[in-house]
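Encoded as structure tokens, here's the structure I'll be asking about.
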Amino acid sequence: MIRRDGRRAEPQQGARAWSQAPEPAPQHGARPGGTDPARAHRPQAGSPYAPTQTPQPYDDPYRRQAGHVGAPPQPPRRTGPPAPPPQPPRPAKTRRKAHWGRRIGLVLMALLVLVGGSVVYLDRGLNRVDALADYPDRIGDTPGTNWLLVGSDSRAGMTPEEEAALATGGDVGEGRTDTIIVVHIPKSGKATMVSIPRDSYVPIPGWGRDKINAAFAQGGPQLLVQTVEGATGLRMDHYAEIGFGGFAGIVDALGGVNLCVPYPIDDPLAGINLQPGCQDLTGSQALGFVRTRATPLADLDRMKNQRAFMSALLDKATSVSTMINPFRLWPTVTKTAGSLQVDEDDHLWNLAGLGWAMRGGPITTTVPIAGFEDVDSGNVLIWDRERASQFFGALAEDKPVPESLITTGP
């Protein structure tokens with residue numbers, strides 16, 4: 001036997017290890033060769049053998065936690081001051097969807113309010129006159145829409161300097177008509193623009209037969225409307241009149257109007273000296289062009305020039321370049337509204353309808369004429385009764401005028 005210090009120990013008599021102990025004598029009632037379970041491995045009192053050693057479980061402090069499985073946790077390391085507790089995550093910002101439909105709707109609504117307010121404002125600025133007053137035995141309503149357009153020689157509102165610049169010749173007393181045009185707008189198809197010569201010899205209610213422009217001089221718009229309705233058989237639905245200054249102002253507001261002059265025109269009385277060819281006419285030049293009689297056929301040429309210029313003016317006024325340019329559209333509309341005289345029941349949207357109907361080129365013609373005649377009123381123009389009756393009869397029934405009755409030339 002080896003001692004703990006490495007030296008061999010001498011065996012002692014009487015002292016043995018527990019494994020060297022002799023088997024105990026069998027007890028009474030025990031089976032031979034068997035052992036008493038109650039006394040097995042239990043040393044007797046005073047026995048020289050060492051007691052049995054009962055193994056004790058090792059108490060590991062790192063395994064005291066119930067249910068811990070795996071390698072023992074490592075002791076915490078010293079890493080400085082403790083980290084602050086984590087902040088709760090911020091909720092993600094919800095990106096608002098762009099409501100383009102709503103924005104476009106608001107813009108359109110604002111434009112509608114602006115346009116609507118402008119139309120009402122300009123409509124209130126129109127100069128109104130009771131031109132379409134009823135009278136006994138007035139012609140009944142005819143299909144389609146009929147306008148009576150009048151260009152007067154009124155100088156109202158013009159300064160002496162403006163009269164000189166436009167070569168109007170100064171005040172001539174009672175107003176007269178330089179231009180009389182009937183526009184028929186059918187329910188379908190092209191509009192028809194008919195020039196009525198101012199020297200047309202027609203019956204004037206209450207005055208007998210005379211030149212048609214005498215009706216305006218004697219009774220103003222009402223008598224002129226009554227005279228035109230009686231001569232044509234068409235009931236007028238709208239009336240518009242413009243003077244010298246307003247006419248020139250509208251042309252200048254549009255930036256001029258392009259027109260092809262068919263022949264040289266030198267007329268000091270009208271204040272123009274134009275060469276043939278297509279050119280842009282200013283307000284004063286345009287006014288002289290529609291007034292001049294210094295041409296081979298005088299009044300007949302003038303009516304043709306008036307129709308040609310009216311078509312060019314409406315084309316320019318209703319063109320895309322004018323409509324999308326507020327710096328041109330607004331002055332044109334305001335100048336037109338301030339320069340026109342209309343019937344009491346007419347409005348700005350009626351004028352817009354007229355301009356729209358004239359887009360694309362209307363049919364332009366004049367009353368069928370038979371010739372000239374000298375009477376007490378001077379040299380007058382005589383209508384061809386039969387052809388004029390067929391001409392205006394077609395318009396009264398809202399039918400196209402037969403081509404044989406359309407006068408394309410003077």
Determine whether K316 and R328 make a side-chain contact, defined as any pair of heavy atoms from C-beta on separated by less than 4.5 Å.
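SC-SC contact between K316 and R328 confirmed.
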Apply the test side chain to side chain donor-acceptor pair (under 3.5 Å) to residues D210 and S377: give CA-CA distance (whole Å), side-chain angles for both, the deciding distance (0.1 Å), then the verdict. CA-CA 7 Å; D210 203 343; S377 302; 2.9 Å; yes
With the side chain counted from C-beta on, respond yes when Y135 and L223 share a heavy-atom pair under 4.5 Å apart, and no when they do not.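 In short, these two side chains do not touch, never coming nearer than 4.5 Å.
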Practice problem: Identify the residue among R124, R128, H238 that makes a side-chain hydrogen bond (donor to acceptor under 3.5 Å, both in side chains) with H347. | Solution: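 With H347 as partner, side-chain hydrogen bond (donor to acceptor under 3.5 Å, both in side chains) holds for just one option, R128.
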| request: Please name the residue in the list I212, V367, I382 that meets the side chain to side chain contact (heavy atoms under 4.5 Å, CB included) test with V202. | output: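 When side chain to side chain contact (heavy atoms under 4.5 Å, CB included) is applied between V202 and each of I212, V367, I382, only I212 qualifies.
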Item to complete: Could you tell me how the ring of F247 sits relative to the ring of F309: parallel (under 30°), tilted (30 to 60°) or perpendicular (over 60°)?
Response: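 F247 vs F309 ring planes: tilted.
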Report task. Compare all side-chain heavy atoms of Q279 with those of V261 and state whether any distance is below 4.5 angstrom. Result ->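 Of all side-chain heavy-atom pairs linking V261 with Q279, at least one is under 4.5 Å.
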Would you say CG of D134 has more than 12 non-hydrogen atoms from neighbouring residues, nucleotides or ligands within 6.0 angstrom?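 Yes - once you tally the heavy atoms of other residues, nucleotides and ligands closer than 6.0 Å, there are more than 12.
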For this session: Check whether any side-chain heavy atom of V150 sits under 4.5 Å from a side-chain heavy atom of L224, and report yes or no.
Result: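 The answer is yes; the side chains approach within 4.5 Å.
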Would you sort out whether L381 and D299 count as a side-chain contact (heavy atoms from CB on, under 4.5 Å), showing the intermediate values?
CA-CA 10 Å; L381 184 144; D299 274 341; over 6 Å; no
(message) Would you say that V107 contacts I104 through its side chain, given a criterion of any heavy-atom pair below 4.5 Å between the two side chains?
(response)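 No; the side chains remain at least 4.5 Å from each other.
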Using the side chain to side chain contact (heavy atoms under 4.5 Å, CB included) rule, pick out the option among V129, N146, V342 that qualifies with Y239.
->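 Exactly one pass, corresponding to V129.
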Working note: D343 + D130, criterion side-chain contact (heavy atoms from CB on, under 4.5 Å); need CA distance, chi angles, decisive distance, verdict.
CA-CA 5 Å; D343 182 66; D130 187 15; 4.2 Å; yes
ask   = Name the one of L287, L313, L274, V290 that satisfies side chain to side chain contact (heavy atoms under 4.5 Å, CB included) with L281?
value =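 Output: one option passes, namely L274.
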request  = List the steps, then state whether side-chain contact (heavy atoms from CB on, under 4.5 Å) holds for I250 with I242.
outcome  = CA-CA 10 Å; I250 293 174; I242 189 169; 3.4 Å; yes
Q) Taking C-beta and beyond as the side chain, do Q390 and P402 meet within less than 4.5 Å on heavy atoms? A)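 Not touching, per the 4.5 Å side-chain cut-off.
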_Walk me through whether L254 and V251 qualify under side-chain contact (heavy atoms from CB on, under 4.5 Å)._
CA-CA 5 Å; L254 283 171; V251 174; 5.9 Å; no
Q) Between D301 and K304, is there a side-chain N and carboxylate O pair less than 4.0 Å apart? A)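 Result for this pair is no, no salt bridge flagged.
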**Request:** Might you confirm whether atom CZ of F327 has over 12 heavy atoms from other residues, nucleotides or ligands at distances under 6.0 Å?
**Result:**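 Open: at most 12 neighbouring heavy atoms sit under 6.0 Å from CZ of F327.
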Can you confirm whether L395 sits close enough to V401 that some side-chain heavy atom of one is under 4.5 Å from a side-chain heavy atom of the other?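 Side chain of L395 against side chain of V401, heavy atoms only: contact under 4.5 Å found.
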inquiry  = Could you check whether R209 pairs with D376 (Lys NZ or Arg NE/NH1/NH2 to Asp/Glu carboxylate O, under 4.0 Å)?
reply    =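 Answer for the salt bridge query: no.
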Q. Are the side chain of N127 and the backbone of S339 linked by a donor-acceptor contact shorter than 3.5 Å?
A.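 The answer is no, because no donor-acceptor pair under 3.5 Å joins these two groups.
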Given 3.5 Å as the limit, does a donor-acceptor pair link the side chain of T232 with the main chain of V228, or not?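 The answer is yes, because a donor-acceptor pair under 3.5 Å joins these two groups.
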Looking at T365 and R307, what are the two nearest heavy atoms and their distance?
->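 So the minimum-distance heavy-atom pair works out to O-CD, 3.3 Å.
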